[in-house]
Undergrad: 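Okay, here's the structure, questions in a sec.
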Amino acid sequence: MAETELPPMFAEDLAQMRAGDVEGMLANYHPDVRILRLPNIVANGKDEARAFLEDYVALKPTIVEVISIDQSDDIILYHSTINVGGDDLDLVGTWVLRDGLIWRQTAVIAPAHAEAK
């Protein structure tokens with residue numbers, strides 16, 4: 001999917017991630033944010049969200065491809081392939097928005113699966 005087709009907030013977040021701009025990314029989050037990422041990450045509030053984002057950016061993830069994304073009112077659902085440390089991984093997640101900011105974020109990261117032939 002071409003990045004020009006992405007919702008503006010999602011495209012902005014990707015650009016900030018690529019730049020390592022944790023504070024820019026954090027500005028997209030609601031003060032009462034809750035982040036859940038399987039298997040074992042829970043971050044509540046801006047301070048914990050900052051630590052989560054710092055740890056994530058430190059991994060230097062590369063977006064290989066945004067496979068699909070959809071938005072309905074206050075929910076964004078996305079599926080992408082990322083590369084971390086030379087490994088391609090599938091990332092599937094949701095953002096629930098409140099007041100135009102990310103209020104709830106869920107994600108699961110799993111080994112990328114090759115297309116069935």
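Worth knowing before you read on, the calculation uses all heavy atoms, side chains too, and leaves out hydrogens, waters and symmetry mates. As the structure is a prediction and not an experimental result, all values here were calculated from the model.
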Undergrad: So how far is it from W103 CH2 to R98 CZ, rounded to the nearest 0.5 Å?
TA: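 Answer rounded to 0.5 Å: 4.0 Å.
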Undergrad: Is there a side-chain contact between M9 and L97 (heavy atoms, below 4.5 Å)?
TA: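 Counting from C-beta outward, M9 and L97 do come under 4.5 Å.
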Undergrad: Show every salt bridge (charged side-chain N to carboxylate O under 4.0 Å, His left out) that has at least one partner inside residues 35-60, sequence neighbours left out.
TA: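 Found E23-R50, D47-R50.
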Undergrad: Verify the cluster assignment for L89 and V92: are they in a single hydrophobic cluster under the rule of side-chain heavy atoms below 4.5 Å apart?
TA: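 They do not share one cluster, since no chain of ILVMFWY contacts under 4.5 Å joins L89 to V92.
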Undergrad: Return the CD1 to CZ distance between I35 and R104, rounded to the nearest 0.5 Å.
TA: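 It is 10.5 Å, given to the nearest 0.5 Å.
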Undergrad: Quick check: is I76 connected to L36 through a chain of hydrophobic side chains (ILVMFWY, heavy atoms under 4.5 Å apart)?
TA: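 They do not share one cluster, since no chain of ILVMFWY contacts under 4.5 Å joins L36 to I76.
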Undergrad: Between A49 and A43, what is the shortest heavy-atom contact and its length?
TA: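 So the two residues come closest at N-CB, 4.0 Å.
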Undergrad: Could you list the residues that satisfy side-chain hydrogen bond (donor to acceptor under 3.5 Å, both in side chains) with E12, not counting sequence neighbours?
TA: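 Once residues adjacent in sequence are excluded, the partners of E12 under the side-chain hydrogen bond (donor to acceptor under 3.5 Å, both in side chains) criterion are Q16.
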Undergrad: Hey, are the side chains of M25 and V57 touching, using non-hydrogen atoms and a 4.5 Å cut-off?
TA: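 M25 reaches V57 side chain to side chain.
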Undergrad: Any salt bridge (charged side-chain N to carboxylate O under 4.0 Å, His left out) pairs touching residues 68-92, not counting sequence neighbours?
TA: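 Pairs touching residues 68-92 that pass the test: none.
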Undergrad: Can you find a pair of side-chain heavy atoms, one from M17 and one from P61, that are under 4.5 Å apart?
TA: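 Yes, close enough: below the 4.5 Å cut-off.
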Undergrad: Which residues pass the side-chain hydrogen bond (donor to acceptor under 3.5 Å, both in side chains) test with R34, not counting sequence neighbours?
TA: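 Counting only residues at least two positions away or on another chain, R34 forms a side-chain hydrogen bond (donor to acceptor under 3.5 Å, both in side chains) with N44.
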Undergrad: If you measure from CD1 on I102 to OH on Y29, what distance do you get to the nearest 0.5 Å?
TA: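 Rounded to the nearest 0.5 Å, the CD1-OH separation comes out at 4.0 Å.
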Undergrad: Please identify each residue that fulfils ring-ring contact (aromatic ring centres under 6.0 Å, His included) with F10, with sequence neighbours left out.
TA: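 F10: ring-ring contact (aromatic ring centres under 6.0 Å, His included) contacts with Y78, W95.
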Undergrad: Answer yes or no: is there a side-chain heavy-atom contact under 4.5 Å between T81 and L91?
TA: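 No, every pair of side-chain atoms sits at 4.5 Å or beyond.
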Undergrad: Within the structure provided, determine whether H79 and I69 are in side-chain contact (heavy-atom separation under 4.5 Å).
TA: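 Answer no - side chains too far apart.
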Undergrad: Compare all side-chain heavy atoms of I82 with those of V84 and state whether any distance is below 4.5 angstrom.
TA: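 SC-SC contact between I82 and V84 confirmed.
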Undergrad: Measure the OG-CD1 distance between S80 and I67 for me, rounded to the nearest 0.5 Å.
TA: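 Answer for the OG-CD1 pair, S80 versus I67, is 7.0 Å.
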Undergrad: Look at the side-chain heavy atoms of Ile, Leu, Val, Met, Phe, Trp and Tyr, link any pair under 4.5 Å apart, and say whether V33 and V42 land in one connected group.
TA: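 In one cluster: no.
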Undergrad: To the closest 0.5 Å, what do you measure between OG (S72) and CG (L77)?
TA: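 These two atoms lie 10.5 Å from each other.
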Undergrad: According to side-chain hydrogen bond (donor to acceptor under 3.5 Å, both in side chains), who are the partners of T106, at least two apart in sequence or on a separate chain?
TA: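 Partners of T106 by the side-chain hydrogen bond (donor to acceptor under 3.5 Å, both in side chains) criterion, ordered by chain and then number, come out as T94.
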Undergrad: With rounding to the nearest 0.5 Å, note down the distance linking CG in L6 to CG in D13.
TA: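 Separation between the atoms: 11.0 Å.
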